[in-house]
Amino acid sequence: MEFSKRFAQLKCCVIIPTYNNEKTLKGVIDDVLEYTGDVIVVNDGATDRTSEILNNYSGRFDLVCHDKNLGKGMALRNGFKHALEKGYRYAITIDSDGQHFASDLPSFLDEIEKEPECLLIGARNMNQEHVPGKSSFGNKFSNFWFKVETGISLEDTQSGFRLYPIYQLKDLKYLTRKFEFEVEVIVKAAWKGVKVKNIPIKVHYEAERVTHFRPFKDFTRISILNTWLVTLALLYYIPRRFIKSLTKKNINHFIKKNFFDKNESLHRKALSIGFGVFMGIFPIWGYQIIVGLAVAHFLKLNKALVVVASHISIPPAIPLIIYASYYTGSFLVKNPQNDIFFVQGFSYENVSGNLLQYITGAVALSLIAGALSALLVYFALSFKRNISKSGSKVV
């Protein structure tokens, strides 16, 4: 049993979460058992013949049972918990609906032997025949938001055939319990510094396949989760990732490429910086970078400079920006409040007045700061270029 030895050496198990998949469950379990006996099946409160099927295996694998259906996320979370208690370091999850092939299990082992600290997601060929249109769209949607939240590009972020380095994830805190957990866990793993990558797998779709994904409810949950994760990413993780990237080598490379590229006009560079500063202050918190990149693409600006300049609103600077916006607004509104801490109490007039003063000031401040930044950068780069030309003539 070559594969069984490899699973044991790597302290890797296979987790099969299942809920009302009586037609395909036995086939999936039998196929997996051909490769390893390190198997954990999580019966997520199934109401069909699942319990009867599982009883026929009489102790050939570990069984975790839920009294009622808790959702795929909880099935995976409790599967991970059980695996850690048993001393496993890795867990490969495979769906019980028959769409995955156990013959791909060795591919996960091969990859983890080369890169022991990876979280691997099986990448399906979404262009093959019989792939539901909603699955292809949902995958593209998920891939887009995963890149926004983590900066990592993947072909497939929704496949349930994965290898988790559970020893690295044990301290993470999760909010979700159903299908959206598979989004949350990979985003938080990436934020923790775990490398997330795809490996190719085969996939089989057929008419009898049973899926418990409810398009409206589950897509809504995933959308709400992504809104929360994007907010966290923009306010904390993207700035943190940016700050961590500020090595001397990276800074020199960035400056040389984006500030001193002779093929890019000074106007474009200056406008890119100015627009970035404008977006960093403009009062659409949580969406500044997304909107800024979209507008920068439309205006054909330097997106890298726009993003860098927009980080004027990193968390430590946010209170200063808000106060400066509020103070600026006091010169522009008819009845300035000058009560930013609501000393006079909360009333409709007080709140609406403060909000109007802040928004008015923020818009004005973003325009002023953006324009001044663009002018300063333009004159600084012009001066630098003239100095360089003068030096070349002297030589």
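We count residues from 1, following the sequence as given.
- In terms of heavy-atom proximity, Ala369 sits nearest to Ile281 at CB-CD1, 3.6 Å.
- Closest approach of Cys12 to Leu163, counting heavy atoms only: SG-CD1, 4.4 Å.
- Note that CD of Glu115 is 11.0 Å distant from CD1 of Ile199, once rounded to the nearest 0.5 Å.
- Atom CG of Asn55 is separated from atom CG of Leu63 by 8.0 Å, given to the nearest 0.5 angstrom.
- Ion pairing between Asp110 and Lys114 fails under the 4.0 Å rule for side-chain N and carboxylate O.
- Annotation: Trp285, atom CH2; neighbour count of heavy atoms from other residues, nucleotides and ligands within 6.0 Å is above 12.
- Side-chain contact, Thr47 with Asn20: a donor N or O sits under 3.5 Å from an acceptor N or O.
- Between the CD atom of Glu180 and the OG atom of Ser142 there is a distance of 12.0 Å, given to the nearest 0.5 Å.
- Separating the OG atom in Ser373 from the CD1 atom in Ile273 is a distance of 8.0 Å, to the nearest 0.5 Å.
- Grouping the Ile, Leu, Val, Met, Phe, Trp and Tyr side chains by contacts below 4.5 angstrom, directly or via other members, places Leu301 apart from Leu372.
- In Tyr287, the OH atom is not crowded: 12 or fewer heavy atoms of neighbouring residues, nucleotides or ligands sit closer than 6.0 Å.
- In this structure a side-chain-to-backbone donor-acceptor pair under 3.5 Å is present from Thr93 to Gly160.
- A donor-acceptor pair is defined here as one N or O able to donate and one able to accept, closer than 3.5 Å; such a pair exists between the side chain of Gln168 and the backbone of Glu117.
- Partner of Gln288 under the side-chain contact (heavy atoms from CB on, under 4.5 Å) criterion, chosen from Pro283, Ser313, Ser366: Ser313.
- Taking each heavy atom of Leu119 and Ala189 in turn, the nearest pair found is CD1-CB, 3.8 Å.
- Using a 4.0 Å cut-off between charged side-chain N and carboxylate O, Asp156 and Arg162 make no salt bridge.
- Ring pair Tyr323/Tyr327 is parallel by interplanar angle, where below 30° counts as parallel and above 60° as perpendicular.
- Ring centers of Phe7 and Tyr90: at least 6.0 Å apart, outside the cut-off.
- The CD atom of Glu149 sits 9.0 Å away from atom CG of Leu232, with the distance rounded to the nearest 0.5 Å.
- Hydrophobic cluster membership differs between Leu376 and Leu266, with clusters built from Ile, Leu, Val, Met, Phe, Trp and Tyr side chains linked at under 4.5 angstrom.
- Taking the six-membered ring where tryptophan is involved, the planes of Tyr378 and His267 are tilted, since the angle between them lies from 30° to 60°.
- Tyr19 and Asp48 share no side-chain donor-acceptor pair at under 3.5 Å.
- For the 3.5 Å distance criterion, the side chains of Glu184 and Thr176 qualify, holding a donor opposite an acceptor.
- To the nearest 0.5 Å, the span separating OG1 on Thr231 from OH on Tyr237 amounts to 13.0 Å.
- Using bins of under 30°, 30° to 60° and over 60° for the plane-to-plane angle, the ring pair Tyr57/Phe61 lands in the tilted bin.
- No donor-acceptor contact under 3.5 angstrom links the side chains of His66 and Asn43, judged on distance only.
- Ring geometry for Phe181 versus Phe80: interplanar angle of 30 to 60°, hence tilted.
- Because its NZ or CZ atom is not both nearer than 6.0 Å to the ring centre of Phe179 and within 45° of the ring axis, Lys72 does not count as a cation-pi partner of that residue.
- With hydrogens and angles left out, the side-chain atoms of Thr157 and Asn143 include a donor and acceptor closer than 3.5 Å.
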- Task: Test Thr18 against Asp44 for side-chain hydrogen bond (donor to acceptor under 3.5 Å, both in side chains), laying out the working first.
- Result: CA-CA 6 Å; Thr18 187; Asp44 188 26; over 6 Å; no

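- Defined by atom type and a distance below 3.5 Å, a donor-acceptor pair is missing between the side-chain atoms of Asn21 and Asp97.
- Using a 4.0 Å cut-off between charged nitrogen and carboxylate oxygen, Arg124 and Glu155 do not count as a salt-bridge pair.
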